[in-house]
Trainee: 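Let me give you the structure first, and then I'll get to my questions.
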Amino acid sequence: MSDIETGLFSIDELENVQITIGKIVGAIEKKAKEEGVEVGPTPKPGISGLRDWDFTLLSRYQPVYTPVCDQCCYCTFGKCDLGGNKEGACGINMEAHQARETLLRVITGAAAHAGHGRHILHHLIGLYGKDKPIDVGPSNLVAPNTQAVTGIKPETLGDLEEVMDYVEEQLTQLLATIHAGQEGAAIDFESKILHGGMLDHVGMEVSDLAQISCLGMPKSDPEAPLVEIGMGCIDSSKPVLLVIGHNVAGVTNIMDYIHEHDLGDKMELAGLCCTAIDMTRYQTDQGQLPQAKVIGTLAKELKMIRSGVPDVIVVDEQCVRADVLDEAKKLSIPVITTNEKIMYGLRNRSKDSAADIIEDLSSFKEPGALILDFDVLGEVAPELAIKMSKIRDEMGINALPSEEELQELSEKCVQCGACEMDCPTNLPIMAAMKAGIDKDFSKFENLHDKCIACGRCDQACPKDIPVLNMIEKASQKLIREEKGLMRAGRGQISDPEIREEGVNLVLGTTPGIIAMVGCSNYPNGTKDLYLVADEMLKRNYIVVMSGCSAMDLGMYKNEDGETLYEKYPAKFLAGNLINVGSCVSNSHITGTAIKVAAIFAQRQVSGNYEEIADYITNRIGAVGVAWGAYSQKAASIASGCNRLGIPVVVGPHGSKYRRALIGKPYQKEDWKVYDARDGSEMPIPASPEFLLTTAESIEELLPMLAKNCIRPSDNNMGRMIKLTHYMELSQKYLGHMPEDWYKFVRMETDLPLAKREELLKILEKDHGWEIDWKRKKILSGPAMKSDVSAQPTNVKRLCKGEC
Amino acid sequence: MSDIETGLFSIDELENVQITIGKIVGAIEKKAKEEGVEVGPTPKPGISGLRDWDFTLLSRYQPVYTPVCDQCCYCTFGKCDLGGNKEGACGINMEAHQARETLLRVITGAAAHAGHGRHILHHLIGLYGKDKPIDVGPSNLVAPNTQAVTGIKPETLGDLEEVMDYVEEQLTQLLATIHAGQEGAAIDFESKILHGGMLDHVGMEVSDLAQISCLGMPKSDPEAPLVEIGMGCIDSSKPVLLVIGHNVAGVTNIMDYIHEHDLGDKMELAGLCCTAIDMTRYQTDQGQLPQAKVIGTLAKELKMIRSGVPDVIVVDEQCVRADVLDEAKKLSIPVITTNEKIMYGLRNRSKDSAADIIEDLSSFKEPGALILDFDVLGEVAPELAIKMSKIRDEMGINALPSEEELQELSEKCVQCGACEMDCPTNLPIMAAMKAGIDKDFSKFENLHDKCIACGRCDQACPKDIPVLNMIEKASQKLIREEKGLMRAGRGQISDPEIREEGVNLVLGTTPGIIAMVGCSNYPNGTKDLYLVADEMLKRNYIVVMSGCSAMDLGMYKNEDGETLYEKYPAKFLAGNLINVGSCVSNSHITGTAIKVAAIFAQRQVSGNYEEIADYITNRIGAVGVAWGAYSQKAASIASGCNRLGIPVVVGPHGSKYRRALIGKPYQKEDWKVYDARDGSEMPIPASPEFLLTTAESIEELLPMLAKNCIRPSDNNMGRMIKLTHYMELSQKYLGHMPEDWYKFVRMETDLPLAKREELLKILEKDHGWEIDWKRKKILSGPAMKSDVSAQPTNVKRLCKGEC
Amino acid sequence: MVDTTKNTQIYTTWGRNVAKPVNPNVAGKIISKAKRPLLVVGSEILNGDHLLVEKTIAIAKKGIPVAATGHSITALIDKDIEAKYINVHSLGHFLGDKKWGGLDGQGPYDTILFLGHKKYYLDQVLSGLKNFTDLKTVAIERHFIQNATLSFGNLKQEVHLEALDEFIENL
Amino acid sequence: MVDTTKNTQIYTTWGRNVAKPVNPNVAGKIISKAKRPLLVVGSEILNGDHLLVEKTIAIAKKGIPVAATGHSITALIDKDIEAKYINVHSLGHFLGDKKWGGLDGQGPYDTILFLGHKKYYLDQVLSGLKNFTDLKTVAIERHFIQNATLSFGNLKQEVHLEALDEFIENL
Ligand code: SF4
Ligand code: SF4
Ligand code: SF4
Ligand code: SF4
Ligand code: SF4
Ligand code: SF4
Ligand code: SF4
Ligand code: SF4
């Protein structure tokens, strides 16, 4: 046996093959030590690795189960009725099963990201090699999630493979526990959920690090360009190539082809969902202009297809409607699938020539093709679009009903109500039909923004009325005006930015970070996003967007015709509006929190997840909002935030995630932490009150956001600012002073200066606090002290004198 | 950069660390070449890698969907009603969703095995190192599934890690496709199901290879010892330590402790489910006697616990009832969880001393403990059992109702029918209650074998009558007599055995292999297994058992008091009865088929899955039976068989797997293959008729088995034998000659000699065939010719003259 | 007259579409009006009251062809009725195929009658027919078969036999 | 008298336990008999007919304390009724806690009345109460709320208002 050192080697006779020796027991620690980094207690934790931390969180934030179904249909002992928390045939009760269901959805989401990550990593290593350095901007801590979780500090693409191995191994372990006859306790499923969520952020991070490094995407760039967005920005007189999905791997070949063949002006390249975002990030790190347009989110898919505008549709993976091929076929639009996750039963043409494929599809011999060879794809997609454009023009494809038809269809309606009952949001379709009889189509138009274009109304109608097409037709004017701007995803927050802003966040003088993610399933249309973001930005919160929310936000303009992306700068500073990027860029949001702990507070990050999470829990006033949370991915993203102690509010549809994590502010013993200086217990404010919950309307949401940014570490200035916003937002949107405001007051300087006297009076009168009126000081009353040098922690071992 | 060769190396400063360089692009091929093995076209196939093969199978065997639910509740757009094949809000229709649901269940099963495999591999590498050679008996092809799928020929434990990496990566990809908005076509979900099933067999194989190699389990040993089985074989006067689950890793430490401390005679060590099987395999490869007893399957769990007999329960993973802790607590039985997949919310005591844990549990301070350190576990479990035995004796634990109580409880019953409606098999409980009033408890006794002890009746009863306890109490006599013998799992079929028997199988002179797997969910009790196995063994089929079916089979004795394991030898020869081992040993069943192709037929095996599967499809008359199929694992095992063309019949509860794969014998064009000699098409008999289907009763099942062992490659002798059994079994169990028998006749010598004349007459009279009565030859009539040198294949490229 | 529509209790649901409870006379008339009915008989006729077999034969004698699933054929051989063995899962598959010639080559069926099946198994097979075909399915079992188009409710054994008599009268 | 029990159509099922349809007078009596009722009002009262707000206040005036969820509180302030803002999901959590003192510190509630909620959202919240508490829940919404203990059926807007009047009369 020969001896070698850890490092890079090449191997005889296998040219261009390199191997990095690192994946061996002890190697992580060794490598880390060489770099002067210590590895914490839990590199690559297994399912039980962070269970104690989870139990700490879960003892304060209890799972609240709201089943989507009273039954379990996992195995053939069932289906079992678990109603009333009964046990099924395997002995599992409703509670544990709901936790299991939630786990299943969370790991499904995590797998979607991890599967994406593995795919694009494999693809990019194929193109750039394992030694391709990771370069995502001016940061040393390039992979905060990865490093905190696995202890690995990745430097090259190759390093990321080991990270993916870990994620996949753990996801398989978690999926195994879904099997009948595995875990029996709800609380342990809950811990597994948090584990799954944590893994999700690692998987997402790997995806984005890889693509940013290789595809010329903005690298922590606050000046990332503005991108056209909206159905209205498409010039339908040109050939239109529409891309749908999340994984930009193959699309880059299309973009290269268009660029190399100078087709950019001759056609429209448009995207739906996160692929769209990543298309606009592609090759823009040197100030180049984005080469594609964004249509919008999942909720625009059916509308866009049914408009008949696309000449070719390319789909990759995730959030792609299952009926794309069927719908496209009806309008003579060829569909190309490009990823093993979605193949639609189409014939694999990967080894055929571009010419043959174009011939077959343009002659409608087959409705589409599977092309896994991206060079072939790169040529076929744009050339086919150009060809189809002419063919389809000549065919005179008529997509939407005419005005007359609109009226006739309205008349056909028998007001049976099936459509409204089946509409996920129970939109008032019948009234629109009624008005339509009199050629008043404004009620259809009103539905446009609220309608997620799911098509369920069409499926339900006994009269076969194409309800969705009617809404779309009636909204043509609105749609034409649907032109906005979105800032292209900038990537992660850089280390220098953290150094600058960290202190403000921890002390609360920047009132908080509001991260808005998720998509489509808004209770009341997309405009609410705009209203929330604007309100919080005006109040100096940092608003971070990603994925579909980032798109929806770009769709709205204020009175001056400005989008929020134009109105607010995009640095990591109070009052700034940041788009980190696509779905997988969500990892940069948690990454930011980790960075604050690691860089600003200098906590050890590698393999030290618990301490980092504890730090974030007690000091970083961040709240996630997934207002339109529809997917399993949103559930896993939220769970990953939760394990770091970051609370998330979802819209009312999010109640269908089956479980929330909500604390009981009235239960005093739940709101205590240790002071790390001496291990003594200290009371803390009941904020965040929850780790995951729903809100009913944005009016309810806004004060919730402000309140739940409050943290034990706030200094007086910080607390005062946060409290002011909480009180003001309550008054503005709920019409009253919140009942519990006084619970957050530790001393008079926590009170807003302008109202201090008034508030002191209330404290004295309504709450019996003793006030020294001469010095305007509170003498007694508060449940807790203000002590900026206290070191709040939930983890006993982190206290002085402990292990 | 320094140059090194593929091989084993150790690394400076890291003692005892070795690294095998093999996991690099091209390395599989290179290593294989050095060994003179060629690697086929699909080493480590991705999701699309074997899609063409899948489509070939699926064009003959169409998915038949029988939804367990008309709704989809995956995401918050839903829940969606897909009734009538409607589309949900994401555009997916019922068909595609059912295929997706099936995929989810299949990968859940595959993950259970893979998760188990990874765990035990990790554990064993920790103990024995990566260089520990794989040794599973006198075979060169030690890992047929692994090698056929991945192209890797594993030689050491370390080699298996790369295999697991592949399996986990692919499972993550498949799980990703479950996400809303991924695959849209049922047919592609079907291909993914087959992919998942294939991966399952690799995961299982890894598990069993690792444990056989390290734990002294029988190595392809037909003389594996006989093991006591049944609730009746436990001496309850001794301390009883009960182990439940599938993963023997930690249990071996318990067994070592018992052995080293000479406690074997002083206590009973008993197991439930597959852990039980593996306990009896542990250290028996040198002729040692098994050191544990087997209670039985999942269906005995609640019965065994409620008997009050166990003094301590240790659980590991899989098929463990979720209410073990609750049920045990009621009877003062401490529970120890030992695996991250099942932790029951118990406190982690892994770092505590054995004495402390024993003290806390025996004083009921806590109802149980999580112990992940197997050395601690090894001491705690037996010592605690000894201590608890005395304590529980003194407490006078009373588990089951008395005779008088039995009557009183019967009287309490109001004959509401809730229990019967909720019983998975709708057992006649009310009649038993009625009779019980008159102290006739025989009807309860009759329920014992059919009852799977699921406890749903108890949950349902508005009068809180403990129905299951009543059944158990009434069956005490039966239970005491429940003592049988099972042959300990022998491991895989060795290469020499294949060489001996392969030709008989392929030519059909050994009529077929009947593999009986799965458990618990029998439509009519466990005895049916015995009847089926005995019938087929008498007819010279090779019967292969595994897992819980292997256990259930050992429970029954014939008139002479003999179990089938005693009656029939255990070689891989016609008329032999083989128990391959536990759940994960199921991989040896598919492995056997692969070995026939590789060893007997000398087909290239490495990375050459399609050709191997094609060979098996057309030539190996094997049928799987999962008569009591309950779990997702059974679904994935079946799907893995299916991708190899091996058909599987499940019991009626298996209809809840949601989809079958059934061919249409009446559709002639579906029953054709190529003759590889010249690529010409040739008709084949419609057998197997299905890849996955259900049967209603064993009377229906038996002729199905015989018929579906027929293969195109049968020679005349073989066809005659198979046909004889088909006709005889139809006559014996269905009371008539099967309608389609003549369709399998190619020439007169296919007909059983004794009945030849009679049958020729029928062929002439009823089917209009021309007979030369002088020579007793068929002149015309058959739909196909008999040509032993024909080379049936479904794969065009394997024909002469094709690429 | 027996009322078979009263007790339609279920243990679990498949969804919002549930069988319409039907009385024996109505069920009988529906079958007699059917163009091409098929009676699917399961092996449970062998496990219940022996009268069940008689009733089954009586129905078949009214000229309704029989698909005998499981091993029910053993009770139907040589009874001068048109009965053929077929696996019920295969049958479910073929019934959805407009190109299937039926058991006798005379073409597809339109109304399918079920008797003598395991409740959970039949509900599964019917779940396929309900969702993917437009066949009318009628269950005249002792249990409420929720995935049929029409079904008797949950009945006591003796009431069931009575109901079958009434059903037969109305054929 | 309005019949609010007729149309109980649903789009999807949760399982076999479904709300009992109830008429306004019966619902009214149940609430008036309750020891410790709570009216939970959602923000949809602000989106429907303005009369909804009036009816809500009328109910509260009968002495039933109000939990105002979402931003419904904006319509209930200074109306001389006992109304407090609370998040409905939190409320669902607290209602299941026997140790919770209620909005007013007077201890737990026994009968919960719902008005003014999004259908899908309320059904989810009630799914938790249905499965994990023994509270009686009564939905007097325009839609059939299947996870309540008792619920009005699906009603036209004008019928709903009428039904509420009748309900109030019976308090
Ligand atoms: S869990 Fe979902 S699929 Fe299962 S029964 Fe309930 S609604 Fe149907
Ligand atoms: S997993 Fe348990 S609760 Fe679910 S269907 Fe199977 S036995 Fe019933
Ligand atoms: S397409 Fe729009 S209107 Fe129709 S059901 Fe879906 S959301 Fe409602
Ligand atoms: S389902 Fe169709 S007919 Fe009924 S109300 Fe809606 S649009 Fe009108
Ligand atoms: S995955 Fe599709 S069918 Fe299922 S709930 Fe979501 S939108 Fe509905
Ligand atoms: S425990 Fe036995 S009798 Fe009771 S419901 Fe389960 S299988 Fe039926
Ligand atoms: S549920 Fe209970 S009371 Fe009803 S029939 Fe069964 S044992 Fe008797
Ligand atoms: S055969 Fe089935 S129940 Fe038995 S141990 Fe295996 S999967 Fe579990």
Side-chain angles (χ1 to χ4, degrees), chain A residues 1-5 9-10 12 14 17 19 24 26 47-48 68-69 73 75-77 86-87 89 91-92 108 111-112 114-115 165 168-169 171-173 175-185 187-188 319-323 340-345 454 456 459 521 630-632 653 656, chain B residues 1-5 8-10 12 14 17 19 24 26 47-48 68-69 73 75-77 86-87 89 91-92 108 111-112 114-115 165 168-169 171-173 175-185 187-188 319-323 340-345 454 456 459 630-632 653 656:
Chain A
M1 203 181 287
S2 34
D3 279 4
I4 50 175
E5 282 268 10
F9 304 90
S10 78
D12 262 12
L14 284 169
V17 172
I19 173 161
I24 39 177
I47 295 180
S48 70
V68 172
C69 179
C73 52
C75 81
T76 74
F77 273 180
K86 267 204 303 290
E87 287 180 10
I92 203 164
T108 303
D165 283 348
E168 289 158 351
E169 177 187 318
L171 285 177
T172 303
Q173 294 288 325
L175 178 56
T177 71
I178 293 295
H179 194 278
Q182 300 266 35
E183 186 59 77
I187 185 88
D188 260 310
C319 299
V320 181
R321 286 186 61 86
D323 54 359
E340 290 180 312
K341 297 188 195 79
I342 303 180
M343 301 190 277
Y344 289 160
C454 72
R456 250 162 50 174
Q459 296 282 323
N521 227 1
Y630 108 85
S631 77
Q632 296 104 319
H653 280 289
K656 293 182 237 163
Chain B
M1 200 179 286
S2 34
D3 279 4
I4 49 174
E5 282 269 11
L8 288 173
F9 303 88
S10 79
D12 263 12
L14 283 170
V17 173
I19 174 161
I24 38 176
I47 295 180
S48 69
V68 172
C69 179
C73 52
C75 82
T76 75
F77 272 0
K86 267 204 303 288
E87 286 180 9
I92 203 165
T108 303
D165 283 349
E168 289 158 350
E169 176 187 318
L171 285 176
T172 303
Q173 294 289 325
L175 178 57
T177 70
I178 293 294
H179 195 279
Q182 299 266 37
E183 185 58 75
I187 186 88
D188 260 311
C319 300
V320 182
R321 287 186 61 87
D323 54 359
E340 290 179 313
K341 297 190 195 77
I342 304 180
M343 300 192 278
Y344 289 160
C454 73
R456 252 165 46 176
Q459 297 282 322
Y630 107 84
S631 77
Q632 297 103 319
H653 281 289
K656 294 181 237 164

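Sequence lines set the chain letters: A, B, ... in the order given, protein chains first and strands last, and positions in each chain run from 1.
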Trainee: Could you tell me which of B:L171, B:V68, B:I187 has the largest number of non-hydrogen atom pairs under 4.5 Å with chain A?
Mentor: B:V68
Trainee: Please answer whether the main-chain N or O of B:T76 pairs with a side-chain N or O of A:N521 as donor and acceptor at a distance below 3.5 Å.
Mentor: yes
Trainee: Name the member of B:C69, B:A111, B:A112, B:A185 that forms the most heavy-atom pairs with chain A at distances under 4.5 Å.
Mentor: B:A111
Trainee: For a quick test of reading the model, state the closest non-hydrogen atom pair linking B:C75 to A:Q632 and the distance between them.
Mentor: CB-OE1, 4.2 Å
Trainee: Would you name the heavy atoms of B:Y630 and A:H179 that are closest together and state the gap between them?
Mentor: OH-CE1, 4.3 Å
Trainee: Which one, B:T177, B:I92, B:T108, leads in non-hydrogen pairs under 4.5 Å with chain A?
Mentor: B:T108
Trainee: Counting only heavy atoms closer than 4.5 Å, note whether B:R456 contacts chain A via side chain, backbone, both or neither.
Mentor: side chain
Trainee: Which one of A:K86, A:H653, A:K656, A:Q182 has the most heavy-atom pairs closer than 4.5 Å to chain B?
Mentor: A:Q182
Trainee: Name the option with the most non-hydrogen atom pairs under 4.5 Å to chain A; the candidates are B:G91, B:G184, B:C454.
Mentor: B:G91
Trainee: Which heavy atom of B:I47 sits nearest to which heavy atom of A:M343, and what is that distance?
Mentor: CG2-CE, 4.0 Å
Trainee: Atom CD of A:E169 and atom OG1 of B:T172: how far apart are they, to the nearest 0.5 Å?
Mentor: 10.5 Å
Trainee: Taking the side chain from B:E340 and the backbone from A:S48, do they hold a donor-acceptor pair closer than 3.5 Å?
Mentor: yes
